Asks: 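Just dropping this structure here.
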Protein chains: 4
Amino acid sequence: MSSQESILDLILKEEKNITNKQKKILIAAIEAFSDKGYAATSTNEIAKKAGVAEGTIFRHYKTKKDLLTAILTPLVHTLIAPFIVKDFFSKVLDLSYNTFEEFIRAIVYNRLEFLKKNQALFKILIQEIPFHEDLRELFKEQIAKKIFKRMEELVESFKAKSEIIDIPTYSSVRLTVTSIFGYFIARYILLPEAKWNDEEEIETTIQFILYGLTPRK
Amino acid sequence: MSSQESILDLILKEEKNITNKQKKILIAAIEAFSDKGYAATSTNEIAKKAGVAEGTIFRHYKTKKDLLTAILTPLVHTLIAPFIVKDFFSKVLDLSYNTFEEFIRAIVYNRLEFLKKNQALFKILIQEIPFHEDLRELFKEQIAKKIFKRMEELVESFKAKSEIIDIPTYSSVRLTVTSIFGYFIARYILLPEAKWNDEEEIETTIQFILYGLTPRK
Amino acid sequence: MSSQESILDLILKEEKNITNKQKKILIAAIEAFSDKGYAATSTNEIAKKAGVAEGTIFRHYKTKKDLLTAILTPLVHTLIAPFIVKDFFSKVLDLSYNTFEEFIRAIVYNRLEFLKKNQALFKILIQEIPFHEDLRELFKEQIAKKIFKRMEELVESFKAKSEIIDIPTYSSVRLTVTSIFGYFIARYILLPEAKWNDEEEIETTIQFILYGLTPRK
Amino acid sequence: MSSQESILDLILKEEKNITNKQKKILIAAIEAFSDKGYAATSTNEIAKKAGVAEGTIFRHYKTKKDLLTAILTPLVHTLIAPFIVKDFFSKVLDLSYNTFEEFIRAIVYNRLEFLKKNQALFKILIQEIPFHEDLRELFKEQIAKKIFKRMEELVESFKAKSEIIDIPTYSSVRLTVTSIFGYFIARYILLPEAKWNDEEEIETTIQFILYGLTPRK
DNA sequence: GATGAATGAGGGTTCATTCAT
DNA sequence: TATGAATGAACCCTCATTCAT
């Protein structure tokens, strides 16, 4: 978990031969988009923040929209990475998930850690999703489908073992995902200035999911 | 529940002496803001959609931002209305809440019904919250604080009766609210085009909350 | 001199059957035009200041320009009144002007008194003259020509008596008028906030004109 | 005197690295503001006159007001330049001012020449002064104070030599300045279309000031 | 590759004026 | 007569994007 990568590393890795100026542009754009939103951020503003001429931005990214895409695509890919890598959970994280609790605990900690590390980027993603058809499509194709597919397998194996209650798989996945993201959104987007006892909240959230999905004896 | 009012009725009631054109402007603005977002909607666009001269918008709403506020303020007030009316749940809904389940069931159905009826408006609210300091303040003061206060009382009474598990009250409120809104956002904002079995999903959500918060015997 | 009339009286006399609202409009317009200039004053602003509907202004004055004209025309007429009334100086002011000094003294006190009483109006006149061809024409036809004509007669009579030096009549008139208006403009338009010892300045101005135009013995 | 610089030269010198388009904008703005007044001139109009896109204006001057300031500031500085340069009159103009007449003659010719060369600019300055607080402040601080200070020294030296009459220094300065500007305003702003015998008028004006301020023997 | 001046369409907003009530 | 809602042209200004240097 401590080896998780931050946004920029990911982007820089994805785009080869990245110049120093390009790097500055990306950092500036992420900060600006995150703070004021994509539509309300001007390219002039990004250029100034990056200490770069406005034209330089367009040399690297044909349009402003391209810049947004360049920022969000790596995030989406990394967000779902653990779910598409074969046996990611067992191999990479070295966990065998004998129990549903272990699984939930691993996934919550892992993804919340990731979200926290990439707050700004993720903030941009969920802020912009309602306004961009293509982003929504990307989200649906990548995040929704791929995460769902992997979770489905795992959830069904737990269901077979009667470790979780008998509700439609997609419902339990949705409820799980919603609970995790719900915490993140409340924590970092809706009420960022409130006092939060993060450890306790995360543990409570895990318990909530577990209680909500495991059967009474 | 069937007597719940829709957005526009609320706005029209709040603003007396509303013109016919003004009404058209509000309807057009709600549709446009909901579809493309506040920043990406031009006043010219709203005017055309409303069949009105652009200047007419500014006769009624000094700025574009004022128009947004005029749209969202009544929503916020109505969204929290059930929580500030004394004994709303028992009197208006004619329920006595002997059990936590009855309470959850009532609140989920009631607020989801309301959100569904005011989809467009609520979509605007959550889409714009990240970009407007004042909206965030309004949300925090009204929705977060007032809903929380009322829920807190109820939840604590259930906790006293050992009907729900012993976790911090604010956590259980957050988890409940997150689960309800989580369904709404997934349903109407993130994946509106997916097929949804609404009745089943709602019931599952209720069960999830109940299981997640009630103690094992 | 004490019987001199103020702006509004003049206007109200000129326009018969003036309503109360119309009066309020004129007062408001004079104040606004004087403060911010004609071009920078909106009819909406005037309406508000007058406590009148915007439409009411246009019921009485077809255009904004008409309103300006309605304000300035009486001023121009009154400004030149003393110069066109036959024997104004000797009859009305009860002076016989045996000497040039008496003449200058009378005219300076009389017109400065008038300007002071109608500061706002006169401020509008000289502020707007550079921007309105018709105003400039009115000024030229009325003020320049008519004042000049009368002054010319008087000045030439003094010149004949060798009471003033032998320079072109139009020059001496210009220098006299310039000196009077020069004081007024410096006093009320350019440096209104400076401390002014009015009595002394006026007396000095009179002396200056006298010395400047009368011959050395 | 023949070496006096014109407006644009001054502005271009003040603002380094001036673009060709920027130069065109300044020329167009000066012409337009001078003709129709600042408030009545649209930026679109200036752009067309300058053969430039409207956006180009705002690239160089953040606001329309900034454009006005960029035009007028150099004028003010140059207008007062002779008065702040040490010994300007004696050194640069190579005059020793043994007499008050020499002094007046030099100053009238010099400043009227300057005003004539910069008619349009000066017209803008006096047209806009009544409407802009900051311009009035600039005028007061620069022109009024600095010119006054220098004139005061000279006038007092003449007063000591009994070359001019014993009236308050500020009065004699005001009367002198008013007489010069009075001619200019009558000549170029109020009655530009009248026939003027400039040489004669200037000589008469000088005589007027001299007579008005020098004592009778 | 990097610049930044230049563009012109489009942004939100103001305005004088009209007209049904 | 008086109103004030409605208009739409025009206003100042911002913007993403282009291109000569």
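It should be emphasised that the depicted structure is a prediction, and the values quoted were computed from it without experimental measurement. Every chain is numbered from 1, with letters handed out A, B, ... down the list of sequences.
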Asks: List for me each residue that meets salt bridge (charged side-chain N to carboxylate O under 4.0 Å, His left out) alongside Asp66(C), sequence neighbours excluded, and say none if there are none.
Replies: none

Asks: Looking only at non-hydrogen atoms, find the nearest pair between Ile124(C) and Leu72(C) and report the distance.
Replies: CG2-CD2, 3.9 Å

Asks: Name all residues meeting the side chain to side chain contact (heavy atoms under 4.5 Å, CB included) criterion together with Ala28(A); count only those two or more places apart in sequence or in a different chain, and write none if there are none.
Replies: Ile46(A), Lys49(A), Ala50(A)

Asks: Output all residues satisfying side chain to side chain contact (heavy atoms under 4.5 Å, CB included) with Ile189(C), sequence neighbours left out; order by chain, then residue number.
Replies: Lys123(C), Ile126(C), Ile185(C), Pro130(D)

Asks: Which of the following nucleotides, dA2(E), dA16(E), dG8(E), is nearest to the side chain of Ala53(D)?
Replies: dG8(E)

Asks: Between Thr73(D) and Ala70(D), is there a donor-acceptor pair closer than 3.5 Å when you use the side chain of the first and the backbone of the second?
Replies: no

Asks: Not counting sequence neighbours, which residues clear ring pair (Phe, Tyr, Trp, His ring centres under 6.0 Å) with Phe33(B)? List them please.
Replies: Tyr38(B)

Asks: Among residues 41-51 of chain A, which ones have heavy-atom contacts with DNA chain F below 4.0 Å?
Replies: Thr41(A), Ser42(A), Thr43(A)

Asks: Applying salt bridge (charged side-chain N to carboxylate O under 4.0 Å, His left out), name anything that partners Lys62(C), two or more places apart in sequence or on another chain.
Replies: none

Asks: Can you check the Lys36(B) NZ to dG11(E) C1' distance for me, whole Å?
Replies: 12 Å

Asks: Which residue lies toward the 5' end of DNA chain F, His60(B) or Ile57(C), if each is placed at its nearest nucleotide?
Replies: Ile57(C)

Asks: Could you pull out all residues at least two apart from Phe139(B) that satisfy side chain to side chain contact (heavy atoms under 4.5 Å, CB included)?
Replies: Leu190(A), Ile129(B), Ile143(B)

Asks: Check the distance between dG12(E)'s C1' and Asp66(B)'s CG and give it to me in whole angstrom.
Replies: 13 Å

Asks: Sequence neighbours excluded, which residues qualify as side chain to side chain contact (heavy atoms under 4.5 Å, CB included) partners of Asn20(A)?
Replies: Lys24(A)

Asks: Once salt bridge (charged side-chain N to carboxylate O under 4.0 Å, His left out) is applied, do any residues pair with Lys48(D), and if so which ones, sequence neighbours excluded?
Replies: none

Asks: Please compare Thr56(D) and Lys64(B) by the position of their nearest nucleotide in DNA chain E and report the one closer to 5'.
Replies: Thr56(D)

Asks: If I take atom NZ in residue Lys24(A) and atom C1' in nucleotide dT3(E), what distance separates them, rounded to the nearest angstrom?
Replies: 14 Å

Asks: On DNA chain E, compare the nucleotides closest to Lys65(C) and Val52(A); which residue's is nearer the 5' end?
Replies: Val52(A)

Asks: As a check on the pairing definition, encode DNA chain F in dot-bracket form, counting Watson-Crick and G-U wobble pairs whose two distances are under 3.5 Å, and using | for partners outside this strand.
Replies: .||||||||||||||||||||

Asks: Below 4.0 Å from chain A heavy atoms, what is the first contacting nucleotide of DNA chain F and what is the last?
Replies: dC15(F) to dT18(F)

Asks: Not counting sequence neighbours, which residues clear salt bridge (charged side-chain N to carboxylate O under 4.0 Å, His left out) with Arg136(A)? List them please.
Replies: Glu133(A)

Asks: Find the distance Lys62(B):NZ to dT13(E):P and express it as a whole number of Å.
Replies: 11 Å

Asks: Find the distance Glu54(D):CD to dT7(E):C1' and express it as a whole number of Å.
Replies: 12 Å

